[in-house]
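For reference, the structure is listed below as structure tokens.
Along the sequence shown, residues carry numbers from 1.
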Amino acid sequence: MGQTNATTWRGFVFLGFSGFGELQLLLFALFFSLYLVTLTSNVFIIVVIRLDSHLHTPMYLLLSFLSFSETCYTLGIIPKMLSSLVMGGQAISYEGCAAQMFFSASWACTNCFLLAVMGFDRYVAICAPLHYASRMDPPFCARLVGTSFLSGYLFGLGMTLVIFHLPFCGSHEIQHFFCDTPPVLSLACGDTGPSELGILILSLLVLLVSFSFITISYAYILAAILRIPSTEGRKKAFSTCASHLTVVIIHYGCASFMYLRPKASYSLERDQLIAVTYTVVTPLLNPIVYSLRNRAVQTALRSAFRGRLLGAG
């Protein structure tokens with residue numbers, strides 16, 4: 001593609017954890033177990049929220065959409081990674097790599113926007129409780145969720161096009177377990193400066209815009225909480241935000257470290273291990289944090305388990 005000495009090909013090979021030797025089977029057992037727990041927990045939260053009428057509020061409906069987005073995100077990455085651990089380096093077509101990057105980036109961006117919407121939901125609930133039902137009505141929530149998903153897809157498409165318009169030459173081995181932007185971009189030929197800048201700008205837009213929205217929401221929330229006269233009232237108000245705030249810190253911490261760095265600080269081997277955090281561990285934290293810290297979810301889960309036990313009996 002404009003490079004006379006460039007040899008193009010239509011596929012890549014994941015090296016993944018090939019350097020771990022016999023430890024790969026141990027890693028497979030570990031990641032497979034975590035993936036099963038992640039998949040089961042997120043699906044269970046979605047089902048419980050749909051079935052329990054007490055959880056049909058904007059806060060929990062948004063949580064169910066976040067669990068759905070996290071589930072789709074892991075489905076596009078982890079199964080391929082698990083097969084690589086068992087069978088060694090796995091090939092993926094050029095189109096398949098582009099599709100994986102598009103969907104993983106889209107769901108990751110969607111998660112950011114959904115977390116921002118959940119922050120706005122907490123702002124309305126605490127700062128304007130008397131108007132909560134009217135402001136966060138189902139049509140408005142549906143528009144917020146739809147905008148989050150559409151924005152995620154558009155940013156994911158932009159990131160994919162910025163990288164895959166480049167020619168690829170030389171080694172076709174990806175030092176990673178999925179088609180993430182830094183390792184794929186490192187295989188591109190020619191001047192990658194504009195593409196690196198494009199990825200940085202898109203990442204900044206997604207992370208800074210959504211995180212700024214969350215920060216502003218929590219600034220108003222904090223001011224409202226401090227005006228509550230009783231200590232017990234302040235604790236109760238803050239407890240409704242604690243789960244969301246925990247997930248936000250973990251999610252944005254990992255994403256900022258990976259995508260808001262100069263190219264000189266990239267280390268493919270180290271970044272591969274860090275990527276495990278946001279592809280395997282972080283999606284698991286969402287259901288764990290909400291189920292451990294939220295009484296309503298705990299009650300619904302206990303009721304669901306009791307119902308299954310009684311049904312089995």
Test item: Phe168 and Ile163 side chains (from C-beta on) under 4.5 Å apart, heavy atoms:
yes
With distance as the sole test, does Ser69 use its side chain to make a donor-acceptor pair with the main-chain N or O of Phe65 at under 3.5 Å? no
For Gly158 and Leu202, the nearest pair of non-hydrogen atoms, with its separation, is C-CD1, 3.7 Å
Minimal heavy-atom distance between Ser64 and Ile46, with the atoms involved, is O-CG1, 3.6 Å
**Study point:** Cys97 side chain reached by Ile174 side chain, heavy atoms, under 4.5 Å
**Key:** yes
ask   = Does His176 have its ring centroid less than 6.0 Å away from the ring centroid of Phe12?
value = no
- Item | Audit row: Ser104, Gln100, side-chain hydrogen bond (donor to acceptor under 3.5 Å, both in side chains) steps and yes/no | CA-CA 6 Å; Ser104 61; Gln100 187 183 55; over 6 Å; no
Taking every heavy atom of Cys141 against every heavy atom of Met136, the minimum-distance pair comes out as SG-O, 3.5 Å
message: Is there a side-chain contact between Val276 and Phe31 in this structure, where contact means two heavy atoms from C-beta onward sitting under 4.5 Å apart?
response: yes
| said: Quick one about Tyr252 and Ser210 (side-chain donor to acceptor, distance below 3.5 Å, no hydrogens or angles considered), yes or no? | reply: yes
Between His56 and Leu51, the two heavy atoms sitting closest are NE2-N, 4.4 Å
What one should report as the nearest heavy-atom pair of Arg234 and Leu226 is CD-CA, 4.3 Å
Note: Phe177 and Phe14 closest approach over all heavy atoms is C-CD2, 4.0 Å
Tell me yes or no: between the side chains of His172 and Tyr94, is some donor less than 3.5 Å from an acceptor? no
Taken to the nearest 0.5 Å, the spacing of Phe178 CZ from Thr279 OG1 works out to 6.0 Å
Distance col, row Ile77:CD1 vs Asp180:CG, nearest 0.5 angstrom, shows 7.5 Å
Next on the checklist: Can you confirm if the aromatic rings of Phe32 and Phe28 lie within a centre distance of less than 6.0 Å?
Outcome noted: yes
Could you list the donor-acceptor pairs under 3.5 angstrom formed by side chains in residues 112-121, with sequence neighbours left out?
residue : atom : partner : partner atom : Å
Asp121  : OD1  : Tyr132  : OH           : 2.5

Can you confirm whether or not the ring centre of Phe102 sits under 6.0 Å from the ring centre of Trp107? no
